[in-house]
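A short worksheet on the structure shown next.
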Protein chains: 4
Amino acid sequence: MLLRIEFESDIPIYMQIKNQIIEGIALGMLKEGDELPSIRQLASDFGINLHTVKKAYDILKDEGFLSVHRRKGYVVTKNASADDNFIEELKKDLQPILANAFSRGMTEDEILKICREILEQFKNGM
Amino acid sequence: MLLRIEFESDIPIYMQIKNQIIEGIALGMLKEGDELPSIRQLASDFGINLHTVKKAYDILKDEGFLSVHRRKGYVVTKNASADDNFIEELKKDLQPILANAFSRGMTEDEILKICREILEQFKNGM
Amino acid sequence: MLLRIEFESDIPIYMQIKNQIIEGIALGMLKEGDELPSIRQLASDFGINLHTVKKAYDILKDEGFLSVHRRKGYVVTKNASADDNFIEELKKDLQPILANAFSRGMTEDEILKICREILEQFKNGM
Amino acid sequence: MLLRIEFESDIPIYMQIKNQIIEGIALGMLKEGDELPSIRQLASDFGINLHTVKKAYDILKDEGFLSVHRRKGYVVTKNASADDNFIEELKKDLQPILANAFSRGMTEDEILKICREILEQFKNGM
DNA sequence: GTGGTCTAGACCACA
DNA sequence: GTGGTCTAGACCACT
């Protein structure tokens, strides 16, 4: 599981970490029980602040993707579920993105094809 | 075309305006040539600052959704196209969102169904 | 001599008129002594304000490209010369434009080729 | 890298900053990776408002000359390319300027000489 | 009336 | 410390 941080992205670093860990889980590269690098480890690897890593980990813990073991540190747990709340958020997140694509002339099929391609990656990783 | 601003949202106001105008275009509520409310008009309608509105309008202008007519003010112009750059951005935007949904146990079909529902709205508006 | 006004350009209309008349002279489409359409005529043709046209004409008069005849209205006169002042202005105008092209990786030859193409038009028109 | 702002100029301050930074890149005084003074720093140095500086920086970011590093602030990144769009803009920008010079009696050679002189500066800076 | 620019301040998120 | 957002106001250019 390799993280790639883009310091010149407009996405905050903690969010990049969070996103990539979730993607790692989706891709099957991170499985239930896997231990994550320690906060210190990851922070020093990338030359970033401890707080930044901790923030990412804590959010993932709150969402149910990670839990803290006294010894192992942060480990993957798949407690996150797609409840109604999440579905609602999902729609809100997708709406402007899909609207943008559609307004630029992409057809429903073209857009769905891209979604499918992304999801295919995840299915193959399982 | 009605805008709704959520002041408690963590999405910046200018971004909410931007997104809703793009959605308006996607939904067919805003058509090429339509004049938007003037910066000051919209700002005063919502009790927000004119710079906030201008920022939203200017981004849309840069992206090709709006242009500034010297008499009419900002008008809808669909110059935005889905070039390779945009497709790349689109994938980057969708990736973490879809990964999140998938990691929470949603199936490909469930996720695509939601995408399809959103896109259906847009197709009906045309 | 055909004028084309772009209401959605960020160049003021009076400036567009001014520029196109100068280009008309450069291209040989407007020759010394030619009468321009009256202010009223041109304004009504394009549905623009009298002041806008007058402003363009007056600037051209100040710069020596036009003069006013009691009967004929504005006529082309080539009194404008390239004095040191103008050369200085010319350099100041060109500097940022050429810097931009160069910074984007265009070579000297590529840039000069474009300049030459534009100037060629003018020479052919004489 | 020294900036000079002319407060009496009719060129907007943000545009002067933008142009001079591009010229700095063209002249080789600003190289890829160089950090620019912070928005607030530059603003206070010149006694201007931070929004004015930010506007200049943001335009340069949009055009690909700068990017925002989450620690270093704005840094030079030469992502700006001379695509067809830019070439088109370039011609539109040059056309009226060269027409003006030509209409004032300057010859093709005289005009090209000035262009060449400007470009020579840039080549030497590399 | 429209948008364009600029100022002087504020508060926040991020690292 | 950095940039990001937002406010409240001003003056100007253009039409």
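Naming convention: chains lettered A, B, ... in sequence-line order (proteins, then strands); numbering from 1 in each chain. Just the heavy atoms: all of them, side chains too, but no hydrogens, waters or symmetry mates, feed the values below.
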>> Less than 4.5 Å apart, side chain to side chain, heavy atoms only: is that true for C:Phe7 and C:Ile13?
In response: yes

> Any side-chain heavy atom of D:Lys55 sitting closer than 4.5 Å to one from D:Asp58?
Replying inline: no

[X] [atom1] to [N] [atom2], straight-line distance once rounded to whole Å:
X	N	atom1	atom2	answer
C:Glu6	F:dT15	CD	C1'	17 Å
B:Phe7	F:dC6	CZ	P	10 Å
D:Leu50	E:dA10	CG	P	13 Å
D:Leu42	F:dG3	CG	C1'	14 Å
D:Asp58	F:dT2	CG	C1'	14 Å
C:Phe46	F:dC14	CZ	C1'	18 Å
B:Lys72	F:dC14	NZ	P	21 Å
D:Ile11	F:dA13	CD1	P	15 Å

>> Judged by each residue's nearest nucleotide on DNA chain F, which is more toward the 5′ side, B:Tyr14 or D:Arg71?
In response: D:Arg71

> Which residue, C:Ile48 or D:Leu36, contacts DNA chain F at a nucleotide closer to its 5' end, judged by nearest heavy atom?
Replying inline: D:Leu36

Which listed nucleotide ([options]) is nearest to the side chain of [X]?
X	options	value
B:Pro12	F:dT5, E:dA8, E:dC6	F:dT5
A:Asn49	E:dC6, E:dG3, E:dA15	E:dA15
B:Arg40	E:dC11, F:dC11, E:dC14	F:dC11
B:His51	E:dC6, E:dG9, F:dG3	E:dC6
B:Thr52	E:dA15, F:dC6, E:dC6	F:dC6

>> Please compare D:Ile13 and B:Gly73 by the position of their nearest nucleotide in DNA chain E and report the one closer to 5'.
In response: B:Gly73

> Which sits closer to the 5' end of DNA chain E, B:Arg70 or A:Met15, going by the nucleotide each is nearest to?
Replying inline: B:Arg70

>> Please determine whether a side-chain nitrogen of the Lys or Arg among D:Lys91 and D:Glu89 lies less than 4.0 Å from a carboxylate oxygen of the Asp or Glu.
In response: no

> Between D:Arg70 and A:Glu6, is the closest basic N to carboxylate O distance under 4.0 Å?
Replying inline: no

>> Just to be sure I understand the rule, does B:Tyr57 reach a base, reach only the sugar-phosphate, or reach nothing, if contact means heavy atoms closer than 4.0 Å?
In response: nothing

> F:dG4 phosphate, OP1 or OP2: any side-chain N/O from D:Lys54 under 4.0 angstrom?
Replying inline: yes

> Side-chain N or O of B:Lys55 less than 4.0 angstrom from OP1 or OP2 on F:dT5?
Replying inline: yes

> Can you check side-chain contact (heavy atoms from CB on, under 4.5 Å) on A:Leu50 and A:Lys54, steps first, answer last?
Replying inline: CA-CA 6 Å; A:Leu50 295 177; A:Lys54 182 162 165 40; 5.9 Å; no

> Without hydrogens or angle criteria, can the side chains of D:Tyr57 and D:Asp62 be said to hold a donor-acceptor pair below 3.5 Å?
Replying inline: no

> Does E:dC12 have a Watson-Crick or wobble mate here (both distances under 3.5 Å), and if so which one?
Replying inline: F:dG3

